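Inspection log for the structure reproduced underneath, given as structure tokens.
From a predicted model like this one, the values you see are computed outputs, not experimental measurements. In listed order, ligands and their atoms are each counted from 1. We use all heavy atoms of the structure for the numbers below, so side chains are in, but hydrogens, waters and symmetry mates are not.
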Amino acid sequence: MKSHLWLFSLFSTLWSSAAPEADGCEEGGGCREDFQPVNYSSPLLPQHPGHMFSEHLDLSKQQLSAVPSGKFRSFCRLKVLFLSDNNISSLDDGTFCPLENLLKLDLRRNTISSLGQGFSLGLGSLKELLLARNKLTHLSAGSFLQLGELQRLDLSANAIRSIDKMAFRGLTSLRQLHLEDNQLECLSAGIFPMLQRLEMLHLQENQIKVIDADVFTPLTSLAVLNLTNNNLTSICFRTFLSILSYSTHILLKGNQWHCNCDLQRVFHKLRDVRRLSLDDYSSLHCTKPQELWGHQLSEVESKLCVAETVTVLIITLTVVITVVASIVMAERNRKKRTGKHWSEDSDMSYDSQS
Ligand SMILES: *[C@@H]1O[C@H](CO)[C@@H](O)[C@H](O)[C@H]1NC(C)=O
Ligand SMILES: *[C@@H]1O[C@H](CO)[C@@H](O)[C@H](O)[C@H]1NC(C)=O
Ligand SMILES: *[C@@H]1O[C@H](CO)[C@@H](O)[C@H](O)[C@H]1NC(C)=O
Ligand SMILES: *[C@@H]1O[C@H](CO)[C@@H](O)[C@H](O)[C@H]1NC(C)=O
């Protein structure tokens, strides 16, 4: 009860003190220097009139349904802002404008279904953005454009199906990207541009079936690629070969491998690439063909190319036999012909002599 009252007064202060809205990020006045930074969480608030100058603001579990744009204008000292466990369904562009000192923004467990182009306005210092357990279905271009300092982006447990090619543009410092537990089916080339610092890419628990061969090429620092529990049936050698990082651990357990000779060959080649570690190779299971269902790929791999080897042997044998046969034939013909020539020659010499 107390905290609700406080919230009410906090927001009414903000409403009345805020300058008229602008689309971009304007310099907010109102940041006075005569209060020491304090930390506080809601229950303590009424005792701290200096809340406007605090570094940590905890507004989690307050049943907030909206955060009107620009209302944080006077919180210029803020470093950590908790808005988790509320009922926030949308965020206006510029909502967090200009929280220039904010390092961590926690929006987990709300009902946010989309992020606008101006979502990141004013968040140029942010290092950690947590959006797990919301209702995002699509990531559009430009949403994270201003987040040049961001190191950790958690988008896990949403319902993301599609990612715009330029959605992650601007995230030049990003080290960890959490996309696990979403509904991705396809990773198209170009969705991870300019993420040269990215070390961990969490894509487990999706429904990924198709991976474009060049999608991981820009990730030159990648150390962990987690593709556990997806719908992969096969992979291209080039897809992983194109990861040029010093050392990358790739996790592929829990997919729906179609165990055939092609797959065996790709894995055989991948395991020879020094910089790639297929850590859970021995736990990969076959889904197809029917007779190999549930078998470990590593156990059946030696048999997968047997049919192909036999075919190749038969073809080789056929070729060899044909070649040998034609050589023999040619030789026999030559002998026949030379024999004839010889007898013609001797006839001739005989004639001339006579
Ligand atoms: C606020 O809390 C953070 C982390 O709990 C701590 O690092 C910081 O020193 C605290 N600041 C003040 C002014 O108490
Ligand atoms: C959350 O917001 C929706 C409408 O946006 C409303 O129907 C629902 O009752 C709210 N839930 C809570 C717990 O406040
Ligand atoms: C990869 O994902 C699986 C499934 O969620 C998880 O159990 C495992 O710890 C993850 N491994 C790494 C290295 O992230
Ligand atoms: C992925 O596999 C799961 C479990 O086998 C299945 O229910 C789902 O429909 C598959 N998704 C796609 C896109 O194939």
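- Partner of L83 under the side-chain contact (heavy atoms from CB on, under 4.5 Å) criterion, chosen from D58, L130, L64, D106: L64.
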Under 3.5 Å, sequence neighbours excluded: what are the donor-acceptor pairs made by side chains of residues 215-227?
from	atom 1	to	atom 2	distance (Å)
T217	OG1	D214	O	2.9
T217	OG1	S242	OG	3.4
S221	OG	Q196	O	2.4
N226	OD1	T228	N	3.1
N226	OD1	T228	OG1	2.5

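- Ion pairing between a basic and an acidic side chain is recognised when a charged N comes within 4.0 Å of a carboxylate O; R152 and E128 show such pairing.
- Contact annotation: the side chain of V80 never approaches that of L57 to less than 4.5 Å [non-hydrogen atoms, C-beta and beyond].
- Close approach of ligand 3 to L251 is summarised as follows: ligand atoms under 4.0 Å from at least one heavy atom of the residue are 11 (N), 12 (C), 13 (C).
- Under 4.0 Å is where a charged nitrogen must lie from a carboxylate oxygen, and between R175 and E199 at least one such pair does.
- When heavy-atom distances to ligand 3 are checked against a 4.0 Å cut-off, H249 has no atom that comes that close, whether in backbone or side chain.
- Between K253 and ligand 3 there is no heavy-atom distance shorter than 4.0 Å.
- Taking every non-hydrogen atom of H202 and a distance limit under 4.0 Å, the qualifying atoms of ligand 3 come out as 14 (O).
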Pairs of nitrogen or oxygen atoms, one from ligand 4 and one from the protein, closer than 3.5 Å: please tabulate them with distances.
from	atom 1	to	atom 2	distance (Å)
ligand 4	2 (O)	N231	OD1	3.3
ligand 4	2 (O)	N231	ND2	2.4
ligand 4	2 (O)	Q256	NE2	3.0
ligand 4	5 (O)	Q256	NE2	3.0
ligand 4	11 (N)	Q207	OE1	3.0
ligand 4	11 (N)	N231	ND2	2.7
ligand 4	14 (O)	K209	NZ	3.1
ligand 4	14 (O)	N231	ND2	3.2

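- Note that CD of Q256 and CG of N229 are 10.0 Å apart. Values are rounded to the nearest 0.5 Å.
- Residues passing the salt bridge (charged side-chain N to carboxylate O under 4.0 Å, His left out) test with E299, sequence neighbours excluded: none.
- Judged as a disulfide bond (SG atoms under 2.5 Å apart), not a single pair has a partner in residues 98-198 (not counting sequence neighbours).
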